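Some notes on the structure that comes next.
Since this is a predicted model, take the numbers as computed values, not measurements. Below, chains carry the letters A, B, ... as their sequence lines are ordered, and counting in each starts from 1.
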There are 2 protein chains.
Amino acid sequence: MKRNKDGNTEQQILEAAETLFLEKGFALTSTTEIAKVVGCNQALVHYYFRTKDQLFDSIFERKVYLFMSAFLEIDSEKLSFEERLKRKVEAHYDILSANPKLPFLFVNELTTNPERIKTVREKIGNTSQSVFFRLKAELEEEIQKGNIRPMNPIDLLLTIIALNATLFIVSPMIKVIVNISDEDLQQVIAHRKQENVKIILNSLKP
Amino acid sequence: MKRNKDGNTEQQILEAAETLFLEKGFALTSTTEIAKVVGCNQALVHYYFRTKDQLFDSIFERKVYLFMSAFLEIDSEKLSFEERLKRKVEAHYDILSANPKLPFLFVNELTTNPERIKTVREKIGNTSQSVFFRLKAELEEEIQKGNIRPMNPIDLLLTIIALNATLFIVSPMIKVIVNISDEDLQQVIAHRKQENVKIILNSLKP
DNA sequence: GTTATATTTAATAGCGCTATTAATTTTCGA
DNA sequence: TCGAAAATTAATAGCGCTATTAAATATAAC
């Protein structure tokens, strides 16, 4: 029986690669290991994806979209700026809770391999820019109205990303610096969403 | 002339290693490359430090201390809790500004090699715990007095680390998501210190 | 059933890395 | 100045990795 019983081998490779890349990053993951997880020959990984880089890129692009997706949706309901922002922050946090390794993947790859930034920008640059300019416009309108203090949209984005992503990025560090148990850490994660929302909304006040 | 003109070779290796480890992390830095930077034979790196791991550890430990150092000093002056906290946050931010690659190093190594957590904890565990418990005690006293809202000291630490470290961790990401120039990024970094202080002090209010 | 095509495997070239060893050169005190 | 100790080098064993190639096997169309 040569053919893989579990159906689509290409898909299995993709899934194993995703798990391993998220776990250890690009450099520490080998096509040999991916093949071992799937239970196939190592050459198959290259048969389907040619190079390790191509395999990684196809995964990475979708992950970047996932990370941004919380900010992409345009809310139809007529809600206040703060309420809309609150929902986006919560949605973003939820996505990260479900994919806690995501922030590390970005940091790791975009820091160690700045070349990839160009690739990413080509593919998602327009989307991310439109997200940014929409936020910028909304923010300026609110500032104009005097509802929130004057601030740079980059600062707001930074605060959101910092608070939301960092918990997942630094949880290994936290465990070292504070001698905290895994259960306590889970508790922190659980209640941290509202904490973040609170801090972010507080930071807007005039 | 066999002897290195620039004096202490061991020190030069240490410095080159530090630069490279900070730049690319443990895995992507080779002893071969370190030797090339120093201009010596690759075996010398192993002559002085035996293994790449030992070389890394000796650097890593000092970096962890550096990261924490802002919170170590006990301020003699009689200042309010908020003022003391403000100064610590600023000192911490200053250290990171001077060592912007530090946060990435921690995240990278403690995430990809959790084994190292044990080593770090053995060496700095007591120090970090005493820092934590001092903060905890001070915080509880202030909460008792009603000066700040009830909160977990872990939350406060998380907020500080998140806001301070993240800017330096994610600056490559920011450049992608927002199409920001290097000059603009420098501006953001420059004014971000007070922004962080503001957000942190705001987050304490009852 | 035969055959073209898709999938899978074994084998391997070629690279860079870590760590060790033995030999060589330099240093420096007696 | 001699010789032990320290510093440095060349050489290399041995490993795992990426990517390719050619051969083997399975699939499906006819």
Heavy-atom side-chain proximity of A/Phe67 to A/Lys63 below 4.5 angstrom = no
message = Quick check on C/dA19: is either OP1 or OP2 less than 4.0 Å from any side-chain nitrogen or oxygen of B/His46?
response = yes
query = In terms of side-chain heavy atoms of B/Cys40, which of C/dA19, D/dT9, D/dA19 is nearest?
reply = D/dT9
task = Quickly work out the B/Asn8 CG to D/dA6 C1' distance and round it to whole Å.
result = 13 Å
key: SB check A/Arg116 A/Asp53 (cutoff 4.0 Å)   = yes
A/Thr31 vs D/dC17: side-chain N/O to OP1/OP2 distance below 4.0 Å = no
key: Length of the line joining A/Leu55:CG and D/dC17:P, which is rounded to integer Å   = 15 Å
ask   = With respect to the side chain of B/Thr51, which nucleotide from D/dA10, C/dA19, C/dT9 is positioned closest?
value = C/dA19
key: Whole angstrom value for the distance that separates P of C/dC17 from CG of B/Asp53   = 17 Å
ask   = Going by the angle between their ring planes, with limits at 30° and 60°, are B/Phe21 and B/Phe56 parallel, tilted or perpendicular?
value = perpendicular
key: Closest to the B/Lys52 side chain, choosing from D/dT9, C/dT18, D/dA19   = C/dT18
inquiry  = Any base atoms under 4.0 Å from A/Tyr48, or only sugar-phosphate, or nothing? Heavy atoms, all strands.
reply    = sugar-phosphate
request  = May I have the distance from A/Gln42 (atom CD) to D/dT21 (atom C1'), rounded to whole angstrom?
outcome  = 13 Å
request  = Return the value, rounded to whole Å, for the distance between atom CZ of A/Phe56 and atom C1' of D/dA19.
outcome  = 19 Å
ask   = Rounded to whole angstroms, how far apart are CZ on A/Phe49 and P on D/dT20?
value = 15 Å
query = Nearest-Å distance, CG (A/Leu44) to P (C/dA6)?
reply = 15 Å
ask   = Tell me: CD1 of A/Ile13 to P of D/dA19, nearest whole Å?
value = 14 Å
note = Of the candidates D/dT21, D/dT8, D/dT18, the side chain of B/Tyr47 sits closest to D/dT8
query = Is the charged tip of A/Lys101 near the ring of A/Phe168: under 6.0 Å from the six-membered ring centre and within 45° of its axis?
reply = no
key: Short side-chain N/O contact to C/dG16 OP1/OP2 from B/Ser30, under 4.0 Å   = no
ask   = Between B/Asp155 and A/His191, does any side-chain donor sit less than 3.5 Å from a side-chain acceptor?
value = yes
